[in-house]
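Quick notes on the structure that follows.
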Amino acid sequence: MKEHTLEECVRHTLDRYFKDLEGETTSGIWDMVLTAVERPMLEVVLEKADRNQSRAAEMLGINRNTLRKKLDHYQIKV
């Protein structure tokens, strides 16, 4: 089984998204993609950090306040 990079998965999914539109116009792709990637990323990293926000922020390469804002934005309970 071939392994795929995250970049390849995003590219494939976006290609499929545009194909499924069958020529219809669209908007809001930036927010759609960021939301689709950011929320599960936060959830998985928090889980791997044993729900420790400081450790999760370090793993993500962001500061703890930024992490807390993102958790509030996505209504992710810690």
Side-chain angles (χ1 to χ4, degrees):
M1 184 172 143
K2 180 183 177 199
E3 292 192 28
H4 298 281
T5 66
L6 181 57
E7 182 178 351
E8 289 172 327
C9 291
V10 171
R11 186 178 306 277
H12 172 75
T13 301
L14 283 170
D15 285 342
R16 188 174 61 217
Y17 173 77
F18 282 108
K19 182 180 176 187
D20 290 347
L21 284 175
E22 297 180 345
E24 293 293 319
T25 59
T26 187
S27 64
I29 296 171
W30 181 265
D31 286 336
M32 177 186 73
V33 171
L34 288 184
T35 299
V37 172
E38 196 168 38
R39 181 184 183 88
M41 176 180 57
L42 294 169
E43 292 170 339
V44 169
V45 170
L46 269 172
E47 182 181 316
K48 298 298 180 186
D50 296 323
R51 312 301 284 180
N52 181 302
Q53 291 180 34
S54 295
R55 191 174 314 137
E58 184 178 329
M59 291 169 69
L60 290 163
I62 60 177
N63 70 47
R64 189 169 177 269
N65 288 334
T66 300
L67 174 61
R68 291 180 60 83
K69 288 178 188 174
K70 291 181 178 298
L71 296 175
D72 287 343
H73 174 77
Y74 291 108
Q75 300 177 341
I76 298 173
K77 305 258 189 248
V78 179

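Since the structure is predicted, the reported quantities are computational estimates derived from the model, not experimental observations.
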- Over all atoms of both residues, closest heavy-atom pair of Ile76 and Arg39: CG1-NH1, 4.0 Å
- Message: Assigning hydrophobic clusters by single linkage (Ile, Leu, Val, Met, Phe, Trp, Tyr; side-chain heavy-atom cutoff under 4.5 Å), is Met32 placed with Phe18?
- Response: yes
- Task: Kindly say whether Thr5 contributes a backbone atom to a donor-acceptor pair with the side chain of Glu8 at under 3.5 angstrom?
- Result: yes
- Item | Under 4.5 Å side-chain linkage, directly or through intermediates, the cluster mates of Trp30 | Leu34
- Report yes if some heavy atom in the side chain of Arg11 is under 4.5 Å from a heavy atom in the side chain of Glu7; otherwise report no. yes
- With Asn63, which of Asn65, Leu67, Leu60 fulfils side chain to side chain contact (heavy atoms under 4.5 Å, CB included)? Asn65
- Query: If you look at every heavy atom in Asn52 and Ser54, which pair is closest and at what distance?
  - Reply: OD1-N, 3.0 Å
- Task: Answer whether the closest heavy-atom distance between the side chains of Leu46 and Leu71 falls below 4.5 Å.
- Result: yes
- Item | Check: Leu14 and Ile29 side chains under 4.5 Å, non-hydrogen atoms | yes
- Item | Spatial distance of atom CD (Gln53) from atom CG (Leu42) [nearest 0.5 Å] | 11.0 Å
- Message: Tell me if the CZ atom of Arg68 is crowded by more than 12 foreign heavy atoms within 6.0 Å.
- Response: no
- Task: Find out if a path of hydrophobic residues (ILVMFWY) with successive side-chain heavy-atom gaps under 4.5 Å connects Met41 to Leu6.
- Result: no
- Any idea which heavy atoms bring Arg51 and Val78 closest together, and the distance? O-CG1, 3.5 Å
- What pair of heavy atoms forms the shortest contact from Ala49 to Ala56, and how long is it? CB-N, 3.7 Å
- Listed once per pair and sorted, the side chain to side chain donor-acceptor pair (under 3.5 Å) pairs that draw on residues 69-78, sequence neighbours left out: Glu38-Lys70, Glu38-Tyr74
- Sequence-distant partners of Glu58, salt bridge (charged side-chain N to carboxylate O under 4.0 Å, His left out), two or more places apart: none
